[in-house]
K.L.:
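First the structure, which I've put down as C-alpha cells, then a few questions once you've had a look.
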There are 2 protein chains.
Amino acid sequence: MEPTAPSAADALFRALGDPTRRALFERLAQSELTVRALTDGAGISQPAVSKHLAVLKGAGLVLDRPQGRETHYRANPRGLAPLLDWMRLHENLWADSFDRLEDLLKRMDQ
Amino acid sequence: MEPTAPSAADALFRALGDPTRRALFERLAQSELTVRALTDGAGISQPAVSKHLAVLKGAGLVLDRPQGRETHYRANPRGLAPLLDWMRLHENLWADSFDRLEDLLKRMDQ
DNA sequence: GATTCGAATAACCAATTGGTTATGAGTCCC
DNA sequence: GGGACTCATAACCAATTGGTTATTCGAATC
C-alpha cells in the first residue's frame with residue numbers, strides 16, 4: 001500500500017544502468033537460469049557474471065535458489081515495482097490522455 | 001507507432017542511474033528552471049550541473065530553451081517513453097492481473 | 001565600453017566500476 | 001577419496017565517471 005522507499009529506486013536505476021547487467025536481467029525475465037547458463041553467451045567471465053548477479057540481487061531484481069552445486073537465478077516479479085512507483089511521482093509529466101495510469105499503478109501496491 | 005530503439009533505453013537508464021542527475025530531472029519535472037536556479041540547492045558546482053544537463057539532454061529527458069544569457073531547462077514529457085517501452089518487453093513478468101498494461105502502453109506509442 | 005552575470009567548455013583529478021585471473025569452498029560422480 | 005564441476009570471493013587493473021577549478025563567450029547593466 002505504501003510507496004516504495006526513495007532509496008529503492010536508486011538501487012534499481014543503478015543496477016539497470018549497466019547494459020550488460022540489464023541484458024542478464026532480460027534473459028532471467030524469460031526463464032530461470034544457472035550461473036553457468038548465463039555465463040555461456042554473456043561474453044564475460046563467470047566471476048563477472050556472479051558480480052552482476054550480486055548487484056541485481058541487491059537491487060531486488062532477481063532471486064536465487066541454490067540447489068546442490070549450482071545456483072538458479074530468476075527475475076523477481078515484484079522487482080520492477082519501485083520503477084513504477086517512481087513513475088507515479090512524475091505522473092504530471094504524462095499527457096492527460098493517460099489518466100488510467102494511476103489506476104493501473106494502484107494495483108501494483110498491495 | 002514503432003517501438004523505441006533499444007539503444008534509447010540504454011541512454012535513459014544510464015542517465016537516470018546517477019542519483020544527482022535524477023534529482024535534477026525530478027526538479028525539472030515540476031517546473032522549468034535555469035541552470036543557475038538548478039545549481040542553487042544542488043550542492044554541486046555550476047559546471048557539474050551543466051554536465052549533468054548535457055547527459056539528460058542527450059538521453060532525451062530534458063529540453064533546453066536559451067533565452068538571452070540564461071538557458072531554461074524543462075523535462076521532456078515524451079522522454080520517459082523508452083522506459084515504458086522497455087517495460088512492455090517484460091510484460092510477462094508482471095502478474096496476470098495487470099492485463100490492462102498492454103493497452104495502456106500502446107497509447108504511448110503514437 | 002567596462003563590468004558583471006550566466007552558461008558551456010577545457011583540463012584535470014580522485015573515486016568508482018566493470019572487467020580480469022587466481023583461489024577457495026562445496027557438491028557430484030567414478 | 002580423488003577428480004571434475006559450479007559458484008563466490010579476493011586481489012588486482014584499466015577505463016569511466018562525477019566532481020573540481022580555470023577560462024571563455026555572449027548578454028545584461030551601469
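A, B, ... follow the sequence lines: proteins, then strands. Residue 1 opens every chain.
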K.L.:
Atom CZ of B/R21 to atom P of D/dG19: distance rounded to whole Å?
P.N.:
8 Å
K.L.:
Return the value, rounded to whole Å, for the distance between atom CG of B/L16 and atom P of D/dG18.
P.N.:
12 Å
K.L.:
Report the residues that fulfil salt bridge (Lys or Arg N to Asp or Glu O under 4.0 Å) with B/R69, sequence neighbours left out, ordered by chain and then residue number.
P.N.:
none
K.L.:
May I have the step-by-step check of side-chain contact (heavy atoms from CB on, under 4.5 Å) for A/L63 and A/Y73, ending in yes or no?
P.N.:
CA-CA 6 Å; A/L63 304 170; A/Y73 281 88; over 6 Å; no
K.L.:
Show me the pairs that pass salt bridge (Lys or Arg N to Asp or Glu O under 4.0 Å) and involve residues 41-57 of chain A, at least two apart or across chains.
P.N.:
A/K57-A/D64
K.L.:
Output the rounded distance in Å from CG (B/L33) to C1' (C/dG6).
P.N.:
15 Å
K.L.:
Once you round it to whole Å, what is the distance between C1' of D/dG18 and CG of B/L24?
P.N.:
12 Å
K.L.:
Within the structure, does a side-chain N or O atom of B/S45 lie under 4.0 Å from either OP1 or OP2 of D/dG19?
P.N.:
no
K.L.:
Measure CG/B/D18 against C1'/D/dG19 and give the value in whole Å, please.
P.N.:
11 Å
K.L.:
Side chains of A/Q67 and A/T71: do they bring a donor and an acceptor to under 3.5 Å?
P.N.:
no
K.L.:
Below 3.5 Å is the cut-off: list the nitrogen or oxygen pairs between protein and nucleotides 1-10 of chain D, distance only.
P.N.:
unit_1 : atom_1 : unit_2 : atom_2 : d
D/dC5  : O2     : A/R69  : NH1    : 3.1
D/dT6  : OP2    : A/R36  : NE     : 3.2
D/dC7  : OP1    : A/V35  : N      : 3.2
D/dC7  : OP1    : A/T71  : N      : 3.2
D/dC7  : OP2    : A/R36  : N      : 2.5
D/dC7  : O3'    : A/T71  : OG1    : 3.3
D/dA8  : OP1    : A/Y73  : OH     : 2.7
D/dA8  : OP2    : A/S50  : OG     : 2.7
D/dA8  : N7     : A/Q46  : NE2    : 2.8
D/dA8  : N6     : A/Q46  : OE1    : 3.4

K.L.:
How long is the span from the CG atom in A/L83 to the CZ atom in B/F13, to the nearest 0.5 Å?
P.N.:
5.5 Å
K.L.:
Measure the CG-CG distance between A/L33 and A/L38 for me, rounded to the nearest 0.5 Å.
P.N.:
5.0 Å
K.L.:
Atom CZ of B/R65 to atom P of C/dA8: distance rounded to whole Å?
P.N.:
13 Å
K.L.:
Could you state the atom-to-atom distance from NZ of B/K57 to C1' of C/dA7 in whole Å?
P.N.:
12 Å
K.L.:
Provide, to the nearest angstrom, the distance between the CD1 atom belonging to B/I44 and the P atom belonging to C/dA8.
P.N.:
13 Å
K.L.:
OP1, OP2 of D/dG19 versus side-chain N and O of B/T20: anything below 4.0 Å?
P.N.:
yes
